[in-house]
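The chains referred to below are lettered A, B, ... by the order of the sequence lines, with proteins before strands, and numbering in each begins at 1. The figures that follow rest on heavy atoms only: side chains count, while hydrogens, waters and symmetry mates do not. Bear in mind the structure is a predicted one, so any value in this text is a computation, not a measurement.
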Number of protein chains: 2
Amino acid sequence: MSGKQRHPEIAFRKHDHRRCQRQLLSAATHLCAERKLRLTLRRRQVLEILLASHQPMGAYDILAELNRSDDKERVAPPIVYRALEFLLGEGLIHRIESRNAFISCIHPGHHRGAQFLICRDCDRVAELESNDSGLLAEADSLGFAVDHSVVEITGVCAECQKHDR
Amino acid sequence: MSGKQRHPEIAFRKHDHRRCQRQLLSAATHLCAERKLRLTLRRRQVLEILLASHQPMGAYDILAELNRSDDKERVAPPIVYRALEFLLGEGLIHRIESRNAFISCIHPGHHRGAQFLICRDCDRVAELESNDSGLLAEADSLGFAVDHSVVEITGVCAECQKHDR
DNA sequence: GGACATAGTGTTATATTATAACGTATCGAT
DNA sequence: ATCGATACGTTATAATATAACACTATGTCC
């Protein structure tokens, strides 16, 4: 499988996003098949909406997007939240706590907490995979059993700094 | 000034909390005086409520607490949110993003982002002060200008692990 | 010490984010 | 074909947060 390595700062660079999207959706499909899970219509729709960009989206933005396409069916919040819950659980998306928002994962299926650089100008988010070992070691030395870690760094990305702020 | 050093895991240990509280309130008072800021009634009340424990509290919990004491005056959400905003701005409290909650800072006035260990059993929160230099270095190498960092690690504290879960 | 500008408060209303509860539909196994 | 389990659809509502505006207190300039 070629082209699978995605560098962390992909969101901050020009890239063939169509291809990126296709690959990630395909990865999700395979992952669900392997795990014998159902990537149902709603789940796939929500994932596709998130895959359309490397920007975090609020649940209600996703909802609006779902309701935009067809002018017939209107869908209610629980539909979206349930799909998000599933996708989070399988490591296909992440939640950005500091924004109450959700974003597609660029390393689908890796459960271990990622780290995010969030540009406050353009709102793009880079997903890093440092092993924040220093901190985890410190937790360990205090006898603290780590479940999950949230690391979200806000600032201004290189691109936006060029545009003079 | 004696007894000023507070170790990070203080929340997870028995300690003279009355004293801890008194010192932190006094530190806040001095800090506001130095900075020529007003630690008004509402601000002090909210800070005191947060200082009463090392546990994060939601804005509406704080509100309820404010409204409990006197049975006369009822205060509305903006009062609380404004006080919280001030206290956050001066580094007297922190926001725990993953819980939509607020907690008193054990190193008042230090603005740089702290790191938190959050016990999901007892809800106590330890405030660390690692320099998560690895991550910041990585941000830097991507040309990303860091503003603020959120680091929240959820798990089970040593104490709660003893109680067999 | 009165007039002014500013910062803080009080109040109402409302926006935004998230979940409870319950009935219906779909899927997969037998 | 039936059954149990999972997912969906729907209504209502909970929990968190802010907008907007009038009023009050504080500091400061003269």
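Distances from the side chain of B:Y81 to the nucleotides C:dT9, C:dA18, D:dA17 place D:dA17 closest. The side chain of A:P77 approaches C:dT19 more closely than any other nucleotide in the set D:dA17, C:dT19, D:dT10.
For the pair B:L88 CG and D:dT18 P, the interatomic distance rounds to 11 Å; values are reported in whole Å. The interatomic distance linking B:R43 (CZ) with D:dT26 (P) rounds to 12 Å, in whole Å. Nucleotide D:dT18 holds its P atom 8 Å from the CD atom of B:E85, rounded to whole Å. Put simply, CZ on B:R74 is 17 Å from C1' on C:dT12, counting in whole angstrom units. Across the protein-nucleic acid pair, B:R44 atom CZ and C:dT9 atom P stand 11 Å apart, rounded to whole Å. Here D:dA17 presents its C1' atom at 12 Å from CG of B:L63, a figure rounded to the nearest Å. For the pair A:L41 CG and D:dC8 P, the computed distance is 8 Å after rounding to whole Å. Look at CD on B:E97: it is 14 Å from P on D:dT16, rounded to the nearest Å.
At the heavy-atom level, A:R95 lies under 4.0 Å from the strands shown only through sugar-phosphate atoms.
Residues A:V151 and B:V150 are not in side-chain contact: their nearest non-hydrogen atoms beyond the backbone lie 4.5 Å or more apart. The closest side-chain heavy-atom distance from B:H54 to B:C20 is below 4.5 Å.
For A:L142, the side chain to side chain contact (heavy atoms under 4.5 Å, CB included) test picks out B:E9, B:L117, B:L128, with sequence neighbours left out. For B:R43, there are no salt bridge (Lys or Arg N to Asp or Glu O under 4.0 Å) partners at least two apart in sequence or on another chain. Remark: B:I79 pairs with B:R42, B:V75, B:R82 by the side chain to side chain contact (heavy atoms under 4.5 Å, CB included) rule, at least two apart or across chains. Remark: A:F116 engages A:H94 in a ring pair (Phe, Tyr, Trp, His ring centres under 6.0 Å) (not counting sequence neighbours). Under the salt bridge (Lys or Arg N to Asp or Glu O under 4.0 Å) criterion, A:E127 pairs with no residue, sequence neighbours left out. For A:A59, the side chain to side chain contact (heavy atoms under 4.5 Å, CB included) partners are A:V80, A:Y81, A:L84, A:F102, not counting sequence neighbours.
Regarding contacts with the backbone of D:dA25, every side-chain N or O of B:T40 stays at 4.0 angstrom or more from both OP1 and OP2. Between B:R42 and C:dG10 there is a side-chain polar atom (N or O) within less than 4.0 angstrom of OP1 or OP2.
Remark: the A:Y60 side chain and the C:dA18 base include a donor-acceptor N/O pair separated by less than 3.5 Å.
At its two ends the helix from C:dG1-D:dC30 to C:dT30-D:dA1 runs along axes set 30° apart, each axis drawn from five pairs and the angle rounded to 10°.
Residues B:A76 and B:N100 both approach DNA chain C. Their nearest nucleotides, taken by heavy-atom distance, put B:A76 toward the 5′ side.
Screening residues 138-157 of chain B for salt bridge (charged side-chain N to carboxylate O under 4.0 Å, His left out), with sequence neighbours left out, gives A:R120-B:D147.
A salt bridge between B:E97 and B:R95 is present, with a side-chain N of the basic residue lying under 4.0 Å from a carboxylate O of the acidic one.
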*Taking protein heavy atoms under 4.0 Å as touching, what does nucleotides 20-30 of chain C look like 5' to 3' if B marks base contact, S marks sugar-phosphate-only contact and - marks none?*
BB-----S---
